[in-house]
Amino acid sequence: MSTKAGSGVKRRDFLKILGATGATTAVVGCTSEKVGKLIPYVSSPDNTVAGVSQFYATTCRECATGCGVLAEVRDGRPIKLEGNPDHPVNRGAICATGMSALQGLYNPDRFRQPMLREGSELKPVTWDRALEVLGQKLGEVKSRGGAANAVFLNAHETGSFPGFVDQWLSANDMPAHLSIDTMAPAATVAANRAAYGVAWPAIDFKASSLILSFSADFLDAWGGRVPQQLDWADARAQLESAPKLVYIGARRSLTGLNADQWIPAKPGSEMAICRAILGQGTAAEAAQAADVAEGTITALIAAVRGAGSKVLALCGMSTPDAVECGSMVAEINKVNGSVGTTIKPAQAHAGYEGVASYLELVDATERMAAGNVPVAFIRNANPAYSMPTSVGFAAAFAKVGFKVSFSIMPDETSLLCDLILPDNHWLESWGDAVALAGERSFVQPALEPVFDTRNAGDVLISAARADGTIASRFPQADYRSWMIANFEGGATAFATALTKATVSGSPVASRGTRTAVASRVSPAPALSAAGEGMFVVVYPSATLGDGAGANKPWLQELPDPVTKIAWQTWVEIHPKAAKEMGVREGDHLTVKTAAGEITAPAYLYMGVRPDTVAIALGQGHTEYGRFAKNVGVNAYQLLPSGWDTSGNLALVASRGTVTRLEEHSQLVTTEGSARQHGRGIAQAMMAAAISAPEEEEHHHDIPGHVSQEFLPGLKSPVAADAQGEFANPQSKDKGMYNPEHPTKAEARRWAMTIDLARCTGCSACVTACYSENNIPTVGAAYQGRALSPTTWDERPGANIIKGREMAWIRLERYYEGNTNTENEFSPDFETRFVPMMCQHCGNAPCEPVCPVYATYHSPDGLNVQVYNRCVGTRYCSNNCPYKVRYYNWFGYGEPERKQYAWPEPMHWLLNPDVTVRGKGVMEKCTFCVERIREGENRARSEERELNADEFTTACAQACPSRAIVFGDAADENWSVAKLAYDRRAYHVFEELNTYTAVVYLKKVNHPAPAASATA
Amino acid sequence: MTTKKKWTVIPGFLALAAAATLLSAYSGASSSQGKLVEQPIKFIHNPHVEKLGMNCLYCHSGANKAMDPGNASVASCMGCHTVVKANGSEEIKKLDEYWNKKEPIPWNRVHKVPDYVQFPHMRHVNAGVTCQSCHGEIQKQGAAGVGEGYKPVEQFASLNMGWCINCHVQGYNAAEGAKLAGLPDSVVTALAKEPVKKARYDCAVCHY
Amino acid sequence: MGTIAQPVEELRRPNIASADVQLPAVKDYEQVDREIIATLGFTRKWLIGLSVSIAAMLVGASAWIYQIYWGLGQAGYEPPVMWGVYIITFVFWVGIGHAGTLISAILYLFRAGFRTSIYRAAEAMTVFAVMTAGLFPIIHIGRPWKFFWLIPYPNWRLLWPNFKSPLVWDVFAISTYLTISTTFLYIGLIPDLAVLRDRETNPTRKRIYGILSLGWRNSDREWRHFAKAYLFLAAFSTPLVLSVHSVVSFDFAMTLVPGWHASIFPPYFVAGAIFSGFAMVWTIAIPMRKWFKLEHYITLNHLDATAKVVLFTSMVVGCAYMIEFFIAWYSGVRPEQEFFWNRVFGQWWWAAWIMLLCNMALPMSLWSQKLRRNPTWLWFLSIFINIGMWYERFVIVVPSLSHEFEPWQWGSYTPSWVDMSFLVGSFGWFFMWFLLFVKQMPVMAIMELKEIVVPRRKHAVDGGHH
Amino acid sequence: MQGVLGAFHHLDTTVHAIEELKKARLGDVTVYSPTIRHEIDDAIDAPNSVVRRFTLVGGLLGVSFGYWISIWTGDYWPLVTGGKAIASWIPYTIIGFELMVLVGCLSTVAGMFINARIPRLTTTVGYDPRFSGGHFGIFVSCGADKAPQVEALLQKHGADEVRRED
C-alpha cells in the first residue's frame, strides 16, 4: 500500500479498506455528508445500525492514570470519548486531556505513512521498504555487536506492552527500554516508596478533616487527577464536615485556589515547616524561613495536632529537596496515625510503576553524546522537547547511528529520526493497562487506522519474524494474537474481557530490569533563602501537561483554569512586584536563569509570591504539528540539568533575574473582570450558616437586588412564564402552551443545577462541550482576521484576544478579597469558579428581540437556537445578561475558508447529530438537545416514558466533580428536581426576572484552618 | 383630454409580477420535487416488493430503529442474487462486479433533507406512517422493467419545511397513507375512522 | 363664497408663507426659473466631487464583498460588543434623515416660512440619508443574503417574522419612512419637473423630464388635488418622523442593557436626530448657497431661524444626557451606576467628552445672534455636530455593550479597516446620490418659491401682502 | 379637444377673466398657473378635493392590516418568546401605525393621481409651456361657435395671446 505524501486517506478508500477487512468496526454511508451519495456497507457488521452510536470500552492512554473510557462510535468513527461508569478509577468521569485524545487521533499533522530519511529530508516509503530497512539496520547493529548499547525510549505506559518490548529487546540482545513520563511526580513517587512502600497509595479525602498540600496539585496535574477530583468533590460535598485544605507553596495552583487557606511559603522552605509541625524545629524558625507570619505556623501546628489521624498531608513538590521533604510529609501522616485512614498504601495505584528516572535518561543522553549508541528507538516520547535544553538531548541524539521512531506525531524528536514507523493511535490499537494493582483494563481499537500506520507491536513482531535467529520467539502473527496467547483463558475470555471495564489479573510479561545508573554529575543544589534574583517556579500545565497536549486545539483553546490564558506562554508575577518593576500586564519579561532564558508576556497574579515568578510548561514547540508549532515558549529552556536525590528533574530549582522589555503583547485571555462587582454571580456561604435559620443571609450584598423569595420552581412572579406553574396541578396557570397537545412536551422542564461547593474549576466540562457540540476552536494562528487587505493577524489566539472564543460553557473565576494587591501582598483571597452557560431562561431576554424567531422558548423549557433560521443580527447576544451566546465570525465550518476549524481528517470527530454552524450564525448551549431527542426517541422506540436520570448533558457526563446535574425539573423523580430546592440554591441575576433553568448551589466556605490568632 | 388610459397597464404588470413571485415562493419553487436521478444499477423496487412481497425493512433495516433507514449491504443483495440471476440481467451482472471487487454500490441520493434537519425515520415508521406517504408509491417503481420506459426512483414529495409542518400540525391521515401503500380497502376504511395523528411542531424537534 | 367680489388687488397669503422670511431680492417668476435652472448642468468641480464620492462608495462596496466572503469577523467586533460601527453609522444616518421630512412636513404644518428655500435640499438629503442608513442593517447581519426573512411574505416554510422584535419594527419604520419621504420628495418635485420640461431645450433631457413630470400641466384641477394630497402627506409624515427615530431608539431601549434600557430614549433620539439633521442641512446648504449663487434665496434670516432650532434641540439633547446620569444615580442600581461612571471616566471617556463638547457646549454659541448669522461659523459648527452625533451613538452602543451585567465578559472594541471602509463608503454613497441629484433636479422648490414671490399685476396696489 | 386658450401675464387680469368666464358659461374653464394662488382658487371656487377620502380609507386599511398580520402570524405558529403574550397588542401598535402611514400616504398619492388625472401622456393640447414659467393661462373648452366670443372676452381682459386649439 502506498499513499502519496501529504494526501489524506480518502473517504472512499477508507470505506473500501473497512469493507474488505471485515473488521469489527466498519463504516456506512455518508448519512451526514453533503455529498449526494448513499454508500451502503459491502457486508454489514453485526449489531451495527447506521446512524446509531455504539460504545467501545477502552482505556485512556493520555496519562498514567489509566481511566476507563467509552468511545462513542458512529458509522465506524469515534466521535466522542466519555468516562466509563463501570471503571473503578474514574467512575464515568473524564478530563479534558482524555477527551482531547480524539484530536490526537484525527490530527491532520500525524504521520500518514512510514518515512525514511534521504539526506536531510524524510521521504514517504512503503511499509515493505520501511521494514526492510529496519531489518537491515538491526542486522548491521547486531552484527557489529552494538546491540547492547541500543536505547529504546517509550512514552510511559502500563500493561503488557512494556514487557513485550523488553522481550523483543532482549531477543535482540538489547537492554530494557526506558519508560519516559515527564509528567510523573517522580519525587513524590520516590518519597512514597520510601515511606509507604508503594509508588502511589490511595488518598481518602473523605476520611480526612485537614489536608495539608505541599504543592501537591491533586486537581491540576499531580497524580490521577480524575479519581482525585471525584474523591475531593465528594469529600467537600459533605459541606459542614468537609475536610479543610491548607495549601503550602509559592504559587497558588488550581488546587491552591480550591484551598481554604494558602500559606505562601518560600520555595525551599517547606522542610522548615515540616520540621516545625513534627516538633523538630520551632514555629519561629519555620516562619522566618518561609517568610510567613509566625502565628500562621503556630496555628497550623495546632490544627495538625487537633486533627489527629484525620490529617492528610501530601507533598507534590519538585524542588531539589523534594524527596526529603516528601519523606517528612509522610512522617506527619505517620506521626498523626493517618496512614491507613487517609493514606491507604494497601490500595495502591499502579500507574507510575516502571517509570524511568530522569537520571537514566540523562545517562542515555550522555552515552549518545559520546557516540556509543548505534541505534535508538523512540515511541511517543519527546525528550528533544521535554528535557532541559541544557542537557543537550537533540545534539546527543544526532550522534546516534540509526534512529527509529514509532511516534504518531512529527514531534521534535521524531523529526530527528532516520526511519519513521508510525504507530497506531491508542484508539486504533490493541493493548491493556494496569491502573489499580491487580486490575487490568483493555485498550481496543475503536476504528480502523485513519492513516497508513501500523501498531508498533505488530511492527516489532514482523521485524523479529523476519530475523531467522529470533523468529521462533515470536510465534504469533501480530500483537493482538500475542496478547491473546498471553491471556489467561485465551481468545474467548479475551473477547469477554473487552466488554468489561476491568478484569483482575496482571500482564504476563513483566518489564525487563534496567541497570542502575550511577550519578556522574552532582545533583542540583538546594534553593537557598539568601540567593539573588527571583524564584523561578516551573510547573506542568493543567491543560497541556508537559507539552504533549499542545497539538490538540481543544486543549490549546481551553483556558488555563487559573490564569484563563490560552494559546500562549505567560510569566506569572505578583502585582506588587510588577508595580515595583513598572510592569503592566502583557509587558514582555525576560526570565534568565543560569541555564537559559525565555521571554514571555507578564500576567499579574496575586496567587504567586512577590519574590517568585511562575511559568507553565507545555508550549514553545518548534515542531509537533500546526497547532503546537511556534506557540509560546518552552520553559524547559530555563531549567538547570540538575536533579533531586531520587534522580529526577527538579522543576523548582533555580533563581533568575527578571527584566522588563519594551515589547508588549496582549494576553490571550478569556477573562474580563476578575471581580464580581457585587453582582452575585458566584455566591457563597459559610459552612456554619447552612444549618442557621434562612433569614440571616439573604442577598444583602447585591445592591439593587429585588427582595423576593427564591422560587426554585422556575416560575416567574412578574411576567407570564411560558410554562406556567407546571409543578402545581392545582394551579390555573398552565402557561402559554397548549396542554392538550398530544405530545405532552410542555409537561417537561429541562433544568440544571450546578453545585459550586463541588466545582473545582477544572474545565473538563468545557472540552466535553466542544466535543459534543461541534464547537469550533478559533485560536490557531491561521484563523485570525485580516489586519489590512494584505496582512493577516497570525498571532496564536488572535481571535480569542478579540473575545471571539466559542466555549458554550465557560469557567468564570472570580476573586473575593485582596483589593489592594499592587501595594500589598496578602495570601488571603478567595476564588469562586462558576461554570456559565445558557441559562435557558423562562423569560429569556434574547428571545423577543430576534426578528426571525431564530430563538424562542420551547414547550419543554429549552431556550432554542435555530441555526438555520438565524440571520445573524446578534441582537440576542446584546440582550443576554449572561453573555453566553457565541457568534460565528468566520466560516469555521467551511472547509474552503482559511479559518476552517477541522482540517481533514479532524472533521471526522464531528458529531453527526449536531449541525455544524455556518458563518454569520449565533450559537449557544442547547442543553444538549440532541441527547434529549435521542433519549426521547429511544424511549419512544421502546414504548416507554423517559426514566429519571436516563441521560445527561455532555458537561455533566464528563464533570469529575459531579457538580453538574441535568434533568427534568418538573418530574420529581429526576435528581435535579430535588437539587433545585436545595437550601443553597440561587439564580444568577435573579433581579432581572429571567427565571433561569440553571440553578446554582452556593459555594461553601470554611474558615481558614490555620488562621493566625494575631492576623 | 386624455385619449387612452394606457397607464393602467403598468400597475397591472406590477401586480402580475408580484403575484408570480409570491406564488412561486409559496409553492416551493426551490424544491427538487420530481427529481429523477440515474443510478449506478437500474434497481427496480416493483418485483422485490410486489412480486416477492419483501418488506421494506429487509433492505432499509434501520428505518424502524434509527434516524437513518440505511440501505442493503452488497452482501445482503448477494444473499439472493448469487442464485437469482434473472436470465443474465445486465444489472445483476453489475451487482456481481461490485461484490467481486468488494466495493459498495455508490447509490445516488434521491431524498435528502438539508444537514440542519434531523429526521428520525424510526419515529415516523413506528408511528405508523407508511413509507409511501413520503416516498410515493415506491412499490410500483420499476414496474416497466429496466429497458425502455425505465424510471428510477423519483423524489416524491417536495421535502419543504411547509410540507413537513403541514403533517405535524394538521395530523397524519393514516387512511391516505395506507391507500398509497396499497393496503387492502378494509384496512383503509378502518383507519379512516381513527383520529389523525399530530406531532410537535416545535423548531427544536428537527433543528438542532 | 363671496370671494368673486373680492378685489383681487389685495393679495391672499400663500399656503406657506409667514411674513417673516421674505425674499426681497427675488422679483418675479421668471427670475426664479432662471436662477434655479442655472444651478443645473455639469461643472468640473462637480465632476471631481462626484468622482471622489464614487471612489469612496466603491471602497465601501469592495469591503462589503470582502466581508460577505470571509464573514463578519473582518469587522472589529469584539464580543461582548456585538454591535459596532455599522449600527452606529446606521443610527447616525437615520438621524440625518430626520431633518428633511421635519422641515418639509412639520414646518409646513406650522407654516414656518424659512422652510421654503431649504426644504427641497433637505428632503433630498433625507431620502439619500435613509437610503444609506437602510444599507447598514443588511451590512451588519451575518447572513445578508437572508435579509428578506425579516419581511413578512407568504413562504413555503410557513414562517413569519417576529413582530415583537424591535428589529422588525425597524424594518417597517425605515422602509415606510423611505417610501414616504421619497414619495413626498417626488410629489413636490412634479410641478418643478414640469418647469424643467418646459424650459429644457435638449430633446432627450426634455423627454426625460417630461416622463418624470407625469404630464403635469399646472391646471387648477391638478393644483387643487396636489395641495390637498401634499397637506395629508405632511400630516402623515409628521408623526412618522417622530416615530422612526423612536423605533430606532427602541432597538436600544427595549433591551435590558445598562445604558440602553431607558424610557427617555425616544424623545432623546428624536431630538438628537433633528439636531444632527439640521447640522447636516447646514453642511450641505451653506456651501450650496455660495456655489450656486443662491444667497438671496437662503438668506441670513433663514440661517438664523435654523440656528434657533439647532440651539433648542441641542438643549433637549443635553438635558437628556444629564437625565440619564441622574436616573442612573437615583435608581441605585449598581450595574447602571457603574456603567455611567464608566461612560464618562472609563475606557471611552474621550468619546463621551467629544459628544458632550460637540453636542452640548459648542451649540451654546448660538445664543449669539452674530454667530447665528455667520455662515462660516455655522458650517464649522455643523461639522462638529456631525462628529459629536456620530460619537453620541458610539457612546451609546459600544461602552454599554462592553460593560454589561456579567463582569467576566467585559470587553473592549476597536473598529477594523473594514468598518472604516464602510463608514467612508457610506459618505461616498450619500454624496454620490446627492451630487447626482443637485445637477439634475432643482435644489429649491420652484413652485413654492413662486408662491411667496409677489406675482405680476396690471393694477398693482402698493403694499401687497407685506 | 377643442377650445380657446389665453395666456396672461398678470394675476389680476387672469382672475377677472376667470370670474367673467364663469358668469358667461361659455364652456369648461381650465386655469393654468405657475404656482398655487389663492386668488385663482377663489375665483374658480371649486369643491373641496376628495383626496382626503382616499387618505382616510387607506389609513384605516393600513392600520387594520398591520394589527391583523402581526396577530395572525403570531397565532399561526405560536412560538413563545421571552414569556410574552403571543398577541401582544402594544408592540403590534407600532406595526399598525407604520402601515397606517404607509398605506394612508400611498393611497393619498393614488387619490391625487386619479383625481388630477396624472400621469397623462401628453400635454400639448390646451397647454403652453409658458404656464409653468411666468404666465397664467385660461383654456375654455368650447365649440367653434362660441370661440369668437371667448376670444373676445379673453382679449378684453388683457390676454397676451389668444389662440384656438383643436
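Order of the sequence lines fixes the chain letters, A, B, ..., with proteins taken first and strands second; residue numbering starts at 1 for each chain.
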Winner by heavy-atom pair count (cut-off under 4.5 Å) against chain A, out of [options]:
options	result
Ile87(C), Leu256(C), Asp170(C), Val81(C)	Leu256(C)
Val168(C), Val257(C), Leu401(C)	Leu401(C)
Ser402(C), Gly76(C), Pro258(C), Ser412(C)	Gly76(C)

Is [X] in contact with chain C via its backbone, its side chain, both, or neither, using a 4.5 Å heavy-atom distance?
X	result
Gln783(A)	neither
Lys898(A)	both
Glu812(A)	both
Cys846(A)	neither
Leu811(A)	backbone

Sort [X] into side chain, backbone, both or neither according to what part of it lies under 4.5 angstrom from a heavy atom of chain A.
X	value
Trp149(C)	both
Gln337(C)	neither
Asp251(C)	both
Ile138(C)	neither
Ala75(C)	backbone
Phe148(C)	neither
Tyr69(C)	both
Thr414(C)	both

Enter the distance from [X]:[atom1] to [Y]:[atom2] here, rounded to the nearest 0.5 Å.
X	Y	atom1	atom2	answer
Gln74(C)	Phe890(A)	CD	CZ	4.5 Å
Trp83(C)	Asn878(A)	CH2	CG	5.5 Å
Asn162(C)	Tyr856(A)	CG	OH	13.0 Å
Trp408(C)	Arg675(A)	CH2	CZ	11.5 Å
His403(C)	His677(A)	NE2	NE2	6.5 Å

Discussion item. Between Pro79(C) and Tyr886(A), is there a side-chain heavy-atom distance shorter than 4.5 Å?
Written reply: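 Result no, sub-4.5 Å side-chain heavy-atom pair not found.
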
Worksheet item: Taking C-beta and beyond as the side chain, do Pro407(C) and Ile681(A) meet within less than 4.5 Å on heavy atoms?
Response: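 Counting from C-beta outward, Pro407(C) and Ile681(A) do come under 4.5 Å.
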
Worksheet item: How far apart are the C-alpha atoms of Gln899(A) and Trp70(C), what are their side-chain angles, what is the distance that settles it, and do they pass the side chain to side chain contact (heavy atoms under 4.5 Å, CB included) test?
Response: CA-CA 9 Å; Gln899(A) 288 90 357; Trp70(C) 284 110; 3.4 Å; yes

Please check if atom [atom1] in [X] has more than 12 non-hydrogen atoms from other residues, nucleotides or ligands closer than 6.0 Å.
X	atom1	value
Trp349(C)	CH2	no
Phe252(C)	CZ	yes
Tyr782(A)	OH	yes

Side-chain ([X]) to main-chain ([Y]) donor-acceptor, under 3.5 angstrom:
X	Y	answer
Lys919(A)	Gly142(C)	no
Arg804(A)	Tyr77(C)	yes
Arg143(C)	Cys870(A)	yes
Arg874(A)	His140(C)	yes
Gln409(C)	Tyr882(A)	no

Option in [options] with maximal non-hydrogen atom pairs under 4.5 Å from chain C:
options	value
Val849(A), Asn799(A), Val921(A), Val988(A)	Val849(A)
Gln676(A), Arg813(A), Met836(A)	Arg813(A)
Ala786(A), Pro845(A), Gly891(A), Gly918(A)	Ala786(A)
Ser788(A), Cys880(A), Ser877(A)	Ser788(A)

Discussion item. With side chain to side chain contact (heavy atoms under 4.5 Å, CB included) as the criterion, how do Val852(A) and Lys146(C) come out once you've worked through the C-alpha distance, each side chain's angles and the decisive distance to 0.1 Å?
Written reply: CA-CA 10 Å; Val852(A) 292; Lys146(C) 301 282 191 202; over 6 Å; no

Using every non-hydrogen atom in the two residues, find where [X] and [Y] come nearest and quote the distance to one decimal.
X	Y	result
Arg157(C)	Arg869(A)	NH1-NH1, 4.3 Å
Thr873(A)	Ile141(C)	CG2-CG2, 3.6 Å
Trp410(C)	Ser673(A)	CE3-CB, 3.6 Å

Discussion item. Could you check whether Arg810(A) pairs with Glu406(C) (Lys NZ or Arg NE/NH1/NH2 to Asp/Glu carboxylate O, under 4.0 Å)?
Written reply: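 Yes.
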
Practice prompt. Would you sort out whether Lys164(C) and Glu847(A) count as a side chain to side chain contact (heavy atoms under 4.5 Å, CB included), showing the intermediate values?
Written response: CA-CA 9 Å; Lys164(C) 290 183 208 92; Glu847(A) 289 165 0; over 6 Å; no

Practice prompt. Please determine which of Pro851(A), Cys850(A), Pro848(A) meets the side chain to side chain contact (heavy atoms under 4.5 Å, CB included) test together with Ser165(C).
Written response: Pro851(A)

Practice prompt. Take Tyr875(A) and Thr255(C), measure what side chain to side chain contact (heavy atoms under 4.5 Å, CB included) needs, and give me the verdict at the end.
Written response: CA-CA 9 Å; Tyr875(A) 199 0; Thr255(C) 68; 3.4 Å; yes

Item to complete: Evaluate the salt bridge (Lys or Arg N to Asp or Glu O under 4.0 Å) criterion for residues Arg334(C) and Glu991(A): first the C-alpha distance (whole Å), next the side-chain angles of each, then the deciding distance (0.1 Å), finally the verdict.
Response: CA-CA 12 Å; Arg334(C) 191 159 168 186; Glu991(A) 67 276 16; over 6 Å; no

Worksheet item: Are the aromatic ring centres of Tyr853(A) and Trp160(C) under 6.0 angstrom apart?
Response: no

Practice prompt. Provide the full list of salt bridge (charged side-chain N to carboxylate O under 4.0 Å, His left out) pairs with a residue in residues 878-889 of chain A, sequence neighbours left out, each pair given once.
Written response: Lys883(A)-Glu404(C)

